[in-house]
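Worksheet for the structure shown next.
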Amino acid sequence: MPASIDVIFTPDLLPLSPPTGKTVVVADILRATTTITFAIANGALGITPVLTPDDAFECAANRRNTIICGERRGKKVNGFHLGNSPCEYTKTAVSGKQIVLTTTNGTRTLWACRSAKQVFVGCFLNLQAIINSLMQVEGEVVIVCAGREGSYCMEDTVFAGACVASLSAAHLTDAAEAANILYRAHRHNLPSMLKDCYHGRKLAEIGLADDLEFCAQLNLVDVIPYQIDGQIVSPHA
Ligand code: MLT
């Protein structure tokens, strides 16, 4: 059982509560952590999160078997192989490949958590696997929401609350309690919550409404991608 569970609503708050030495789950439900989880479940060998499109081109240069992926303003970047729609990351597209990924908030949050003891990548697709794994943790657990350009995001907080709701811990912070309450308000209508939240509405406006249904799926896979030495890999790698 974890000693404590905290929820950080945006990576901009991490300087106040550094992740060093803690077990972190990074959540960017729309859509980066959903995309990463599905890509790893479909056999991607590893994902290198980088901060900018220029970094992505540089990181992939001279690397074999590597595709460059991600978004800006929700859309695929010119010259990239894939955008940030999880359903693009099929077995055919990613199995056996290395991925260099840059997204507006998700990859930035993964970078910001690099000093943690361990960093898991979580989303509704692997919720139960994340919960099972957190049950084994004895130290401090922090769920870090990617948020949206420094501000709060409902969908990431609801996911954090779904983790809190299924875990016992010696101590829950007020942020964890608040996330739990928000999850309980939405647990029977996750697809509607994703459609109604700000980011969901923005994605629908640019023709990506199908991604909302996809990201709302519960326990589609049982992998827990984790970040080590700047790379996200499969637990079976
Ligand atoms: C992000 O990292 O901000 C996103 O995953 C944005 C998106 O593509 O929906």
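Every heavy atom of this structure was used, including side-chain atoms; hydrogens, water molecules and symmetry mates were not. First listed ligand is number 1; within each ligand, the first listed atom is number 1. By convention here, the first residue in the shown sequence is residue 1.
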Atoms in ligand 1 with a heavy atom of Leu203 nearer than 4.0 Å: 9 (O)
Which protein non-hydrogen atom lies closest to atom 3 (O) of ligand 1, naming both residue and atom, and how far is it? Asn105 ND2, 2.6 Å
Under 4.0 Å from a heavy atom of Ala32: which atoms of ligand 1 are those, numbered in the order shown and with their elements? 2 (O), 5 (O)
Under 4.0 Å to a heavy atom of Arg31 - the qualifying atoms of ligand 1, by number: 4 (C), 5 (O), 7 (C), 8 (O), 9 (O)
Check: Gly74 N/O within less than 3.5 Å of ligand 1 N/O: no
Count the heavy atoms of every other residue, nucleotide or ligand shown that sit under 6.0 Å from CD of Gln231, and state whether that count exceeds 12. yes
Between Glu71, Arg148, Arg73, Glu149, which is the residue that forms a side chain to side chain donor-acceptor pair (under 3.5 Å) with Thr104? Glu71
Which ligand 1 atoms are under 4.0 Å away from a heavy-atom of Asp28? 1 (C), 2 (O), 3 (O), 4 (C), 5 (O)
Are the ring centres of Tyr152 and Phe9 closer than 6.0 Å? yes
Sole candidate of Glu140, Gln118, Gln136 that passes side chain to side chain donor-acceptor pair (under 3.5 Å) when paired with Thr23: Gln118
Show me which atoms of ligand 1 lie under 4.0 Å from any heavy atom of His199. 6 (C), 7 (C), 9 (O)
Please check: side-chain N/O of Glu155 versus main-chain N/O of Leu30, any donor-acceptor pairing under 3.5 Å? no
Check each heavy atom of Thr103 against ligand 1 and say whether those closer than 4.0 Å belong to the side chain, the backbone, both or neither. both
Examine distances only and state if a side-chain atom of Asn42 and a backbone atom of Tyr89 form a donor-acceptor pair shorter than 3.5 Å. yes
